[in-house]
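Working notes, structure below.
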Amino acid sequence: MEVITLVKRKEYLHRLIQWKDEQLIKVVTGIRRCGKSTMLMQYQEWLKANNISDEQIISINFEDLEYEELQDYQKLYDYLKHRLCKGKMTYIFLDEIQKVPSFEKVVDSLYIKADVDIYITGSNAYMLSGDLTTLLTGRYVEIKMLPLSFKEFLEICKMDQERGLTEYMRVGGLPYIATMDCTQEKLETYLEGIYNTVIVKDIEDRQARKEKSPEKRKISDIFLLKTIAKYLSGVIGNPISVRSITDYLSSNGRKISPNTVSDYVEALTESFIFYSAERFDIVGKQLLKANRKLYIVDLGLRNFILPRSQYDLGFSLENIVYFELLRRGYRVMIGKLGNTEVDFVAEKQGAYTYFQVTADMTAKETFDRELKPLTNIRDNYKKIILTGDRLTIGNYNGIQIKNLSDWLLDKE
């Protein structure tokens, strides 16, 4: 058994258990190697421990050459149909399903049968667009899987809080890395393998599905894709637009159309390397169209992509907070208030929380600068500043200042 199977993603596993036998297709999405396949295996073990027989479980991983023949959707359907248990629930697990062209026809046909519980995973958000969404609207629940949280990372690595945060920022949160003896060489080799696989393999899978779409602009220039990924890695936490990326490429001698840039950025977000945060007008409580920000799913990957000389602690901490808010079930946006900006507006069930993130608040100039935008917000929602230091923790006229690593370990 591989070491990686020891990494239990308890919260995600619990969510699958909650949805067991519900008349919905469970779709688990997330970047390659974030633990989707492992979680499905652990869930299958849980089923067996709870009186589900082996014959009731059908599991196919399309990364395995053994199942290559089943990448034909009609053969896949026949294979599954003949293995259904009559009079009992059959649990079907289809891992990396995006490799099967027209897989949505299989899933839809199985969905309408009695006593079938379907679980699918994919490493590209494009699988949830087009035909699948049309066919399955209202019929599926998506479980969005992310790399390890800081709390999960500490539990696996058995480190103290302060050292753990430094290491988490260096190596990232991909589950297998947390179990490795992480020399720099091994770390870089592992991350390079994942990065190249995501950039090449997952984008190819996406392209194969997109061939059926009327717009056939191809993601064929891997060097350009990596150039844009490197640029985006360097500007996390900064407002970007298709135009700003196009201008950057032009200034480096690469003439390219904004439409092509838009396609390549979309490919990077659909393969779950980058996540987008839109800007939000705090007074008008509405989204703004211009200049979103992008955050990278894993800081270990970012450290691999970027030259070693680049260092920006504040934006790295901001990146960590963004994904922690997603894990906690928030919709996360960038706040705009007049000419000032609030790092994050986190919305859940119609309530907002405002966040500022900074490495250190001990200098008076920084303290005043971070407090100012929150002070200017006139509503009564929670206002929180997260800082790497411990000297400024407290409550300042209703604005809470918390230590960032303490907050990451909080259960709200």
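Positions are given from 1 along the sequence.
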Completion exercise
All heavy atoms of Cys34 vs all of Pro147, minimum pair found to be CB-N, 4.2 Å
Exercise for the section: Using atom types as modelled and distance alone, determine if a side-chain donor or acceptor of Tyr168 lies under 3.5 Å from a backbone N or O of Leu148. Expected result: yes
Practice task
Establish, from distance only, whether the side-chain atoms of Asp379 and Tyr354 form a donor-acceptor pair under 3.5 Å.
Solution key: yes
Handout entry: Nearest-0.5 Å distance that lies between atom CE in Met333 and atom CD1 in Ile282
Key = 9.0 Å
Handout entry: Side-chain donor/acceptor of Gln56 to backbone N/O of Met89, under 3.5 Å
Key = yes
Practice task
Of all the heavy-atom pairs spanning Arg279 and Ala290, show the shortest one and how long it is.
Solution key: CD-O, 3.0 Å
Handout entry: Minimum side-chain heavy-atom gap Ile296-Ile273 below 4.5 Å
Key = yes
Handout entry: Atom pair CZ/CD1 of Arg390 and Ile401 - distance to nearest 0.5 Å
Key = 14.0 Å
Exercise for the section: Would you check if the side chain of Glu22 reaches a backbone N or O of Trp19 as a donor-acceptor pair within less than 3.5 Å? Expected result: no
Handout entry: Leu165 side chain reached by Leu408 side chain, heavy atoms, under 4.5 Å
Key = yes
Exercise for the section: Could you check whether the rings of Tyr330 and Phe355 sit parallel, tilted or perpendicular, using 30° and 60° as the cut-offs? Expected result: perpendicular
Handout entry: Any donor-acceptor pair under 3.5 Å from Arg331 side chain to Val345 backbone
Key = no
Exercise for the section: Please check if any side-chain donor atom of Ser123 sits under 3.5 Å from a side-chain acceptor atom of Lys36, or the reverse. Expected result: yes
Problem - Residue among Arg369, Lys293, Lys372 satisfying salt bridge (Lys or Arg N to Asp or Glu O under 4.0 Å) with Glu341 - result: Lys293
Problem - Atom pair OG1/CG of Thr166 and Leu313 - distance to nearest 0.5 Å - result: 9.0 Å
Problem - Side-chain donor/acceptor of Asp117 to backbone N/O of Asp21, under 3.5 Å - result: yes
Fill in the blank from the handout: Output for pair (Asp160 CG, Leu154 CG), nearest 0.5 Å, gives 8.0 Å
Problem - Contact check, side chains of Tyr91 and Lys20, non-hydrogen atoms, under 4.5 Å - result: yes
Handout entry: Side chain proximity check, Thr375 to Ile399, heavy atoms < 4.5 angstrom
Key = yes
Practice task
Mind running side-chain hydrogen bond (donor to acceptor under 3.5 Å, both in side chains) on Arg292 and Ser276 for me, showing each step along the way?
Solution key: CA-CA 7 Å; Arg292 60 182 171 154; Ser276 177; 3.2 Å; yes
Practice task
Report yes or no: does Arg32 contribute a side-chain atom to a donor-acceptor pair with the main-chain N or O of Phe272 at less than 3.5 Å?
Solution key: no
Problem - Heavy atoms of other groups near Gln18 CD, more than 12 under 6.0 Å - result: yes
Handout entry: For the student: nearest non-hydrogen atoms of Tyr73 and Ser102, plus distance
Key = CD2-CB, 3.7 Å
Practice task
Could you check if a side-chain atom of Leu191 sits within less than 4.5 angstrom of a side-chain atom of Leu174, using non-hydrogen atoms only?
Solution key: yes
Problem - Salt bridge present between Glu152 and Lys10 (N-O < 4.0 angstrom) - result: no
Exercise for the section: Indicate yes or no for a side-chain donor-acceptor contact from Thr189 to the backbone of Glu185 under 3.5 Å, with no hydrogens or angles considered. Expected result: yes
Problem - Tyr119 six-ring centre to Lys26 NZ/CZ under 6.0 Å and within 45° of normal - result: yes
Problem - Donor on one side chain, acceptor on other, Asp72 and Tyr77, under 3.5 Å - result: no
Practice task
Please step through salt bridge (charged side-chain N to carboxylate O under 4.0 Å, His left out) for the pair Asp312 and Arg302, ending with a clear verdict.
Solution key: CA-CA 12 Å; Asp312 50 6; Arg302 182 179 189 239; 3.0 Å; yes
Handout entry: Steps toward side-chain hydrogen bond (donor to acceptor under 3.5 Å, both in side chains) verdict (Ser257, Asn259)
Key = CA-CA 5 Å; Ser257 77; Asn259 282 343; 5.3 Å; no
Handout entry: Side chains of Tyr176 and Ile194 in contact at under 4.5 Å (non-hydrogen atoms)
Key = no
Practice task
Test side chain to side chain contact (heavy atoms under 4.5 Å, CB included) on Ile31 and Asp298 and set out the steps.
Solution key: CA-CA 10 Å; Ile31 192 170; Asp298 184 75; over 6 Å; no
Exercise for the section: Apply side-chain hydrogen bond (donor to acceptor under 3.5 Å, both in side chains) to the pair Gln44 and Gln42, showing each step before the final yes or no. Expected result: CA-CA 5 Å; Gln44 288 164 38; Gln42 290 169 351; over 6 Å; no
Exercise for the section: Tell me, with the steps shown, if Ile320 and Met169 meet side chain to side chain contact (heavy atoms under 4.5 Å, CB included). Expected result: CA-CA 8 Å; Ile320 288 172; Met169 292 174 70; 3.6 Å; yes
Problem - Tyr140/Tyr111 aromatic ring centres below 6.0 Å - result: no
Exercise for the section: Verify, without hydrogens or angle tests, whether Thr197 (side chain) and Gly193 (backbone) share a donor-acceptor contact under 3.5 angstrom. Expected result: yes
Practice task
With Lys285 as the cation and Tyr352 as the aromatic partner, state whether NZ or CZ is under 6.0 Å from the six-membered ring centre and within 45° of the axis.
Solution key: yes
Handout entry: For Ser271 against Leu268, the heavy-atom pair lying closest together
Key = OG-O, 3.3 Å
Exercise for the section: Side-chain contact test, heavy atoms from C-beta onward, threshold under 4.5 Å: evaluate it for Glu167 versus Cys157 and give yes or no. Expected result: no
Practice task
Nearest 0.5 Å please: distance from the CG atom of Asn395 over to the CD1 atom of Ile384.
Solution key: 10.5 Å
Practice task
Report yes if some heavy atom in the side chain of Gln356 is under 4.5 Å from a heavy atom in the side chain of Leu371; otherwise report no.
Solution key: no
Handout entry: CG/Asn397: more than 12 non-hydrogen atoms of other groups inside 6.0 Å
Key = no
Fill in the blank from the handout: In terms of heavy-atom contacts, Val357 and Asp343 come closest through N-OD2, 2.7 Å
Completion exercise
When rounded to the nearest 0.5 Å, the distance separating CD1 of Ile25 from CG of Leu94 is 10.0 Å
Exercise for the section: Using only heavy-atom distances, determine whether the side chains of Asn61 and Glu66 contain a donor-acceptor pair under 3.5 Å. Expected result: no
Problem - Side-chain (Asp108) to main-chain (Glu104) donor-acceptor, under 3.5 angstrom - result: no
Practice task
Test Phe344 against Tyr295 for ring pair (Phe, Tyr, Trp, His ring centres under 6.0 Å), laying out the working first.
Solution key: CA-CA 12 Å; Phe344 297 120; Tyr295 294 92; 5.7 Å; yes
Problem - Carboxylate-amine/guanidinium proximity below 4.0 Å for Arg254 and Asp221 - result: yes
Exercise for the section: Could you tell me whether a side-chain N or O of Lys105 sits under 3.5 Å from a main-chain N or O of Val107, the two making a donor and an acceptor? Expected result: no
Exercise for the section: Tell me whether the centres of the aromatic rings in Tyr396 and Phe367 are closer together than 6.0 Å. Expected result: yes
Handout entry: Heavy-atom closest pair, residues Asn403 and Gln161
Key = OD1-NE2, 4.2 Å
Problem - Steps toward side chain to side chain contact (heavy atoms under 4.5 Å, CB included) verdict (Gln184, Arg170) - result: CA-CA 10 Å; Gln184 192 61 33; Arg170 181 178 80 88; 2.8 Å; yes
Exercise for the section: In sequence, state the C-alpha distance, the side-chain angles, and the governing distance for Leu187 and Asn303, and then conclude on side chain to side chain contact (heavy atoms under 4.5 Å, CB included). Expected result: CA-CA 10 Å; Leu187 176 66; Asn303 293 336; over 6 Å; no
